[in-house]
Novice: 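Input: one structure, supplied below.
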Amino acid sequence: MPLLGSTDLDVFPICLGGNVFGWTADRDESFSVLDAYAAAGGNFIDTADAYSAFAPGLVGGESETVLGEWLRSRGNRDDMVIATKVGLWDQRSGLSAANIRAAAEDSLRRLGTDHIDLYYAHTDDRSTPLEETLGTFDELVREGKVGHIAASNYTAPRLAEALSVSDREGLVRYQALQPHYNLVERTDFEGELAELAATEKLTVLPYYALARGFLTGKYRPGDELSESPRSEGARAYLDEHGVKVLAALDEIATLRGVPMASVALAWLLGQDAVAAPVASARNTEQLAAILPASRLVLTESELNRLSDPSV
């Protein structure tokens with residue numbers, strides 16, 4: 001398993017996304033997915049305090065609560081690398097010292113643990129000085145409540161500035177970056193942000209790794225699923241460009257005898273600095289489609305076959 005940045009965190013190549021826990025996956029379904037992931041050797045789980053405040057009838061904190069119940073019931077906290085986030089939830093928005101402190105304590109309580117292995121700034125907060133944000137993260141690390149910190153949804157200039165502040169002030173440094181990145185959405189990461197991650201030796205942990213399910217092959221032009229209102233996000237990729245990507249995935253998945261989702265994740269794992277794409281599964285069938293990526297190494301020819309139609 002790869003080490004995460006310059007940390008001592010040894011992580012499974014597929015990070016299990018927890019955004020579905022307590023939302024599209026109820027408690028029992030979530031437990032089944034988590035059990036199967038752990039049984040396959042998985043140890044890296046991603047959640048956030050904001051999950052799933054975006055869903056009707058939910059307020060946030062549900063994912064951490066379900067995950068915490070699972071960790072307690074299985075007694076396996078020390079075997080897992082738990083990542084959660086602060087800053088994007090309406091009830092705990094921003095990266096001020098007071099908010100980070102309060103949010104961290106809330107997350108620790110919901111997770112039923114005394115430490116968070118990887119704590120993300122979920123989004124940039126330009127209204128709070130970077131020195132204040134990073135200084136508070138530094139205190140939490142020194143207190144043992146947080147192991148390491150990471151950044152999500154930062155632009156390259158702001159991330160570079162944050163790293164410079166850490167170096168100048170002797171504060172804890174972001175060790176990983178979670179960008180929006182997948183086979184059909186490459187422009188936000190590739191270029192300036194990717195170059196910065198490589199220069200600063202940041203581990204890359206892409207989210208939306210399967211493009212809202214589009215890269216599983218579930219959505220096709222003209223079929224009923226791709227016309228349903230619930231699939232609007234995935235349906236947006238069904239243009240000429242997206243159809244070509246699906247064709248390349250189909251071809252390689254058939255030759256390799258693995259699900260398309262695993263090929264899409266393996267492509268990410270073949271990119272520089274990517275250690276563990278984040279992918280969620282609301283049931284064990286969906287999990288089975290992504291786990292083969294953990295041991296699937298694509299050839300240079302296969303990587304190029306996927307890359308060419310996706311630009």
Novice: Hydrophobic clusters here meaning ILVMFWY residues chained together by side-chain heavy-atom distances under 4.5 Å, can you tell me if Leu268 and Leu291 are in one?
Specialist: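 Yes; tracing contacts between hydrophobic side chains, which count when under 4.5 Å, links both residues.
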Novice: Going by atom types only, do Thr84 and Glu64 share a side-chain donor-acceptor pair under 3.5 Å?
Specialist: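 The criterion, which ignores hydrogens and geometry beyond distance, is satisfied for Glu64 and Thr84.
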Novice: Please check if the side chain of Thr65 supplies one atom and the backbone of Arg110 the other of a donor-acceptor pair under 3.5 Å.
Specialist: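 Not a single qualifying donor-acceptor pair exists.
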Novice: Quick check on the 6.0 Å ring-centre criterion: do Phe214 and Tyr219 meet it?
Specialist: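 Not under 6.0 Å, so no.
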Novice: Between Arg27 and Glu62, does at least one N-O distance fall below 4.0 Å, as a salt bridge requires?
Specialist: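 Salt bridge between Arg27 and Glu62, a charged N being under 4.0 Å from a carboxylate O: no.
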Novice: Please determine if Glu161 and Arg158 form a salt bridge, counting it only when a charged side-chain N lies under 4.0 Å from a carboxylate O.
Specialist: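 A salt bridge links Glu161 with Arg158.
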Novice: List the steps, then state whether side chain to side chain contact (heavy atoms under 4.5 Å, CB included) holds for Leu4 with Phe44.
Specialist: CA-CA 11 Å; Leu4 199 155; Phe44 191 16; 3.8 Å; yes
Novice: Just to verify, which of Val204, Leu177, Leu202, Thr155 counts as forming a side chain to side chain contact (heavy atoms under 4.5 Å, CB included) with Leu193?
Specialist: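 Testing Leu193 for a side chain to side chain contact (heavy atoms under 4.5 Å, CB included) against Val204, Leu177, Leu202, Thr155 leaves exactly one candidate, Leu177.
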Novice: Distance only, no hydrogens: is a donor on one side chain within 3.5 Å (strictly under) of an acceptor on the other, for Ser96 and Glu132?
Specialist: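 No pair is found: no donor N or O on one side chain lies under 3.5 Å from an acceptor on the other.
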Novice: Angle between ring planes, Phe54 versus Trp23, binned at 30° and 60°: parallel, tilted or perpendicular?
Specialist: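 The rings of Phe54 and Trp23 stand perpendicular, inter-plane angle above 60°.
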Novice: Taking atom types as modelled, is there a side-chain donor on Thr128 or Asp125 under 3.5 Å from an acceptor on the other?
Specialist: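 Asp125 and Thr128 do have a side-chain donor-acceptor pair below 3.5 Å.
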Novice: Looking at CD1 of Ile290 and OG1 of Thr216, how far apart are the two atoms once the value is rounded to the nearest 0.5 Å?
Specialist: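 With rounding to 0.5 Å, CD1 (Ile290) is 11.0 Å from OG1 (Thr216).
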Novice: Under 3.5 Å, is there a donor-acceptor pair between the Thr47 and Ser63 side chains?
Specialist: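 Indeed, the side chains of Thr47 and Ser63 share at least one donor-acceptor pair under 3.5 Å.
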Novice: Please check if any side-chain donor atom of Tyr120 sits under 3.5 Å from a side-chain acceptor atom of Gln178, or the reverse.
Specialist: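 Present: a donor and an acceptor within the cut-off.
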Novice: Would you compute the distance between atom CG of Leu34 and atom CG of Leu287 and round it to the nearest 0.5 angstrom?
Specialist: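 The distance works out to 9.0 Å.
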Novice: Indicate whether any N or O donor in one side chain lies under 3.5 Å from an N or O acceptor in the other, for Tyr208 and Tyr181.
Specialist: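 Per modelled atom types, Tyr208 and Tyr181 side chains form no pair under 3.5 Å.
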Novice: Check whether any side-chain N or O of Thr203 sits under 3.5 Å from a backbone N or O of Ala176 as a donor-acceptor pair, and report yes or no.
Specialist: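 No, because the side chain of Thr203 does not come within donor-acceptor range (under 3.5 Å) of the backbone of Ala176.
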Novice: Do His180 and Tyr207 have ring centroids that are under 6.0 Å from one another?
Specialist: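 Yes, they do, as the ring centres are separated by less than 6.0 Å.
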Novice: Does this structure show an ion pair linking Asp35 with Arg74, if we count only N-O contacts that are shorter than 4.0 Å?
Specialist: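 Here Asp35 pairs with Arg74 in a salt bridge, since their nearest N and O are under 4.0 Å apart.
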Novice: Between atom CD of Gln175 and atom NE2 of His148, what is the distance when rounded to the nearest 0.5 Å?
Specialist: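 Here the rounded value is 7.0 Å.
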Novice: With a 6.0 Å cut-off (strictly less than), is the heavy-atom count around CD of Glu143, excluding the residue itself, greater than 12?
Specialist: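 Yes - once you tally the heavy atoms of other residues, nucleotides and ligands closer than 6.0 Å, there are more than 12.
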Novice: Looking at Arg142, I want to see if its CZ is surrounded by more than 12 non-hydrogen atoms of other residues, nucleotides or ligands under 6.0 Å.
Specialist: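 For Arg142, atom CZ is not crowded (no more than 12 foreign heavy atoms under 6.0 Å).
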Novice: Side-chain donor-acceptor pair under 3.5 Å between Asn76 and Trp70, yes or no?
Specialist: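 No - no donor-acceptor pair under 3.5 Å links their side chains.
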Novice: For a quick test of reading the model, state the closest non-hydrogen atom pair linking Val59 to Ala53 and the distance between them.
Specialist: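 Taking every non-hydrogen atom into account, O-CB, 3.4 Å.
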Novice: Answer yes or no: is there an ion pair linking Asp117 with Arg77, defined by an N-O contact shorter than 4.0 Å?
Specialist: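 Salt bridge present between Asp117 and Arg77.
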Novice: Between Arg92 and Asp49 (salt bridge meaning N to carboxylate O under 4.0 Å), is one present in this structure?
Specialist: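 No, Arg92 and Asp49 are not salt-bridged.
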Novice: So does Arg173 pair up with Asp167, basic N to acidic O under 4.0 Å?
Specialist: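 Looking at Arg173 and Asp167, the cut-off is met.
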Novice: Measure from the side-chain N and O atoms of Glu200 to the backbone N and O of Ala197, and report whether any donor-acceptor pair falls under 3.5 Å.
Specialist: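 Flag not set: sc Glu200 to bb Ala197 has no pair under 3.5 Å.
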Novice: Between Ser262 (side chain only) and Val258 (backbone N and O only), is there a donor and an acceptor less than 3.5 Å apart?
Specialist: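 Checking the backbone N and O of Val258 against the side chain of Ser262, no donor-acceptor pair under 3.5 Å is found.
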Novice: Is the closest basic N to carboxylate O distance between Lys244 and Asp308 below 4.0 Å?
Specialist: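 Salt bridge flag = no for Asp308 with Lys244.
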Novice: Applying the 4.5 Å side-chain criterion to the ILVMFWY set and letting contacts propagate, would Leu108 and Leu9 be lumped into a single cluster?
Specialist: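 Linked within one cluster.
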Novice: Charged N to carboxylate O under 4.0 angstrom, Glu139 versus Arg101?
Specialist: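 Looking at Arg101 together with Glu139, the answer is yes, because their closest N to O distance falls below 4.0 Å.
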Novice: In this structure, would Val81 and Tyr51 fall into the same cluster of hydrophobic residues linked by side-chain contacts under 4.5 Å?
Specialist: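 Result: no, two separate clusters.
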Novice: Given the rule that I, L, V, M, F, W and Y join up when any side-chain heavy atoms are under 4.5 Å apart, are Leu210 and Leu238 in one cluster?
Specialist: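 Both belong to a single hydrophobic cluster.
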Novice: Does the pair Glu29/Arg282 count as a salt bridge with the N-to-O cut at 4.0 Å?
Specialist: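 Salt bridge between Glu29 and Arg282, a charged N being under 4.0 Å from a carboxylate O: no.
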Novice: For the residue pair Pro13 and Leu269, what are the closest heavy atoms and their distance?
Specialist: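 Looking at all heavy atoms of both residues, the closest pair is O-CD2, 3.7 Å.
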Novice: One pair to check against side chain to side chain contact (heavy atoms under 4.5 Å, CB included): Trp267 and Leu298. What are the steps and the verdict?
Specialist: CA-CA 7 Å; Trp267 179 84; Leu298 298 178; 4.3 Å; yes
Novice: So, taking the atom named CG in Leu196 and the one named NZ in Lys201, what distance separates them when rounded to the nearest 0.5 Å?
Specialist: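 Going from the CG atom of Leu196 to the NZ atom of Lys201 covers 12.0 Å.
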